[in-house]
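Chain naming here is simple, since letters A, B, ... match the order of the sequence lines and numbering starts at 1 in each. No hydrogens, no waters, no symmetry mates; every other heavy atom, side chains included, goes into these values.
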Protein chains: 2
Amino acid sequence: MMKKQLIMEKALELFAKHGFEATSVQQITEHCGISKGAFYLSFKSKDELILALIDHFMMQITSDIDYIVRNTKDDKELLYQFYYATFDSFHKHSDFAKILIKEQTQTFNQEFMLKMHYYNRLIQNIILSLLERLYGDEVKQTKFDLIYCIKGFMSTYSELFLFYNAPLDLDLLSKSLVEKTNLLARHTTIPFVSQELIQMIKQPLNEEVTKEQILKIIEQRIAEMDEPIEKESLILLKQQLLDPTLPRAIVKGLLENISNHPHCKWISYLLRCYFEF
Amino acid sequence: MMKKQLIMEKALELFAKHGFEATSVQQITEHCGISKGAFYLSFKSKDELILALIDHFMMQITSDIDYIVRNTKDDKELLYQFYYATFDSFHKHSDFAKILIKEQTQTFNQEFMLKMHYYNRLIQNIILSLLERLYGDEVKQTKFDLIYCIKGFMSTYSELFLFYNAPLDLDLLSKSLVEKTNLLARHTTIPFVSQELIQMIKQPLNEEVTKEQILKIIEQRIAEMDEPIEKESLILLKQQLLDPTLPRAIVKGLLENISNHPHCKWISYLLRCYFEF
DNA sequence: TTGACAAATGACTCAATAGTCACTATTATA
DNA sequence: TATAATAGTGACTATTGAGTCATTTGTCAA
């Protein structure tokens, strides 16, 4: 639906500028040039709108980063590519990133908090796999601490260009953070954040993605898809989900077929997780 | 006035739990067990309340940290003491620290933003002086970048115990961050944040503390003060402010006299800045 | 042209909130 | 005890904002 997208775009601008609470539905509809009623045809409530925004962009950002990490073959490049992709994604979706930072510790809504935790954990897992791949046993004791350093870098340095309009030299920023991360990873001996601590603070949110959820999303995508290759790949992947008979190489290839399509990023991310690629 | 303090304490709790916008004056007065009118006898508005809270706690926190940095003679201890004092202060004032993190990028109020920027800059200057003292020319190119790393550590690791109730081992945390800071300070070669960048993003807030402002505060303190030594020291410092005749050593001594008194922390901080100790 | 259906409107309701003010209670003083 | 000064009250106003719904407008096929 076109209206939904329009509302999301315009609301994003206002939320980024004034914050979620401080933006009224009235303002959103005026900014869209539609009536108040029209808003409620697309979204059941203002809350549903912000949740939709979070899902839409977090899926995009998470799968962007994950894709880069999984597809950078050269370990020497990996960290650089990770930071580059991360800040590039934040920069591309800067209005959303602003909202994310502004509202991340806000407590309006149970569902909101759950979503935030969920995506937070996804990103944490991506960083963890990256650390394990790059440094292996070297960071056995320190890897959970390193995750927090990296997340700290991500938020601190984002703020510079998001809220202070600092010019963003993505290459320099990434190189600078690669150096820092390598230094910390190679020489840290006193971690503060241990696996126990992570376990301890982990909220009880068992939000594993189930096969049923993936099936639901894959069916939606199949219905929307026009391109024949992608569509067929999705259909085959769906069958594989229901009845796993295809060899891993073929599944990998099918995933490859869809993973560059803009509308398939999320589903391809979920499938990669599910099939453990 | 007693009421003012009661309101500040109770409001702090509610703001920390639900956020500033989401807490109504009604709720605050109910939580205090007073009427709505009584609130407006102590504060002109809800905004004035949050500004008072910020001033009260940021003065405390800033002067705590500054005092430690200035009074740790042993350079080997300095960084440890800095982190220890910082997180200790955040932990002691954890309700306030929560508000600070939750609302720091919020944009309700021009005055609010100015205050935040102001205290931000103060802390930034403390960190800068610490870095220059410890590493000198070694960090000439990287010191502004290091400030951002340290601030990143401060906010990331605070969140762990502020919002996730992680147990706080202050000693371990400080040691861990000392190691990290040393690593980064000694080996970073590619800074992202340069002095130019800092200059570029610095908002035009020329909020220098004037002699008049200091005089006003010092007079308040003199009026409130009971202890004879502290009171006399304040009076002499006030005279020195109006007519600088005393030798530096004496001024230093007078400052020393008052700097441990809980009600003089802020004024002693301001005076140290003014007399350039 | 008609009539059936969907899309869109915006005046309205209801709840909540910041801030006011005429009044009351309390305390200090003479 | 009487009086004045101060502290405290809570019903009230004015305003805003989320969400609703009776009505209008637009778009088809027949």
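Between B/Phe96 and B/Phe15, every side-chain heavy-atom pair lies at or beyond the 4.5 Å cut-off. Looking only at side-chain heavy atoms (C-beta outward), A/Leu170 and A/His91 stay at 4.5 Å or farther from each other.
Distance, B/Glu30 CD to D/dG10 C1': 12 Å, rounded to whole Å. Between the CG atom of A/Leu14 and the P atom of D/dG17 there is a distance of 13 Å, rounded to whole Å. As rounded to whole Å, 15 Å separates atom P of D/dT20 from atom CZ of A/Phe43. With rounding to whole Å, B/Lys44 atom NZ is found 11 Å from C/dG19 atom P. Distance B/Ile7 CD1 to D/dT9 C1': 14 Å, rounded to the nearest Å. For the pair B/Glu21 CD and C/dA16 C1', the interatomic distance rounds to 14 Å; values are reported in whole Å. Summarising the geometry, the separation between NZ on B/Lys46 and C1' on C/dT20 is reported as 18 Å, rounded to the nearest angstrom. At whole-Å resolution of the value, OH in B/Tyr40 and P in D/dG8 are 16 Å apart.
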Exercise. Applying side chain to side chain donor-acceptor pair (under 3.5 Å), run through A/Lys92 and A/Gln60 and close with a yes or a no.
Key: CA-CA 11 Å; A/Lys92 272 207 295 262; A/Gln60 196 102 347; over 6 Å; no
Practice problem: Could you walk me through whether B/Glu230 and B/Ser233 pass side chain to side chain donor-acceptor pair (under 3.5 Å), step by step? | Solution: CA-CA 5 Å; B/Glu230 278 85 350; B/Ser233 302; over 6 Å; no
Exercise. Using a 4.0 Å cut-off on protein heavy atoms (strictly under), produce a 5'-to-3' string for nucleotides 7-13 of chain C with B for base contact, S for backbone-only sugar-phosphate contact, and - for none.
Key: -BBB---
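Between B/Phe90 and B/Phe87, the two ring planes are perpendicular [angle over 60°; tilted spans 30° to 60°].
Contacts of A/Thr29 with the nucleic acid, taken as non-hydrogen atoms under 4.0 Å apart, are absent.
Side chain of B/Lys98 to main chain of B/Ala16: no donor-acceptor pair is present (N/O by atom type, distance under 3.5 Å, no hydrogens or angles).
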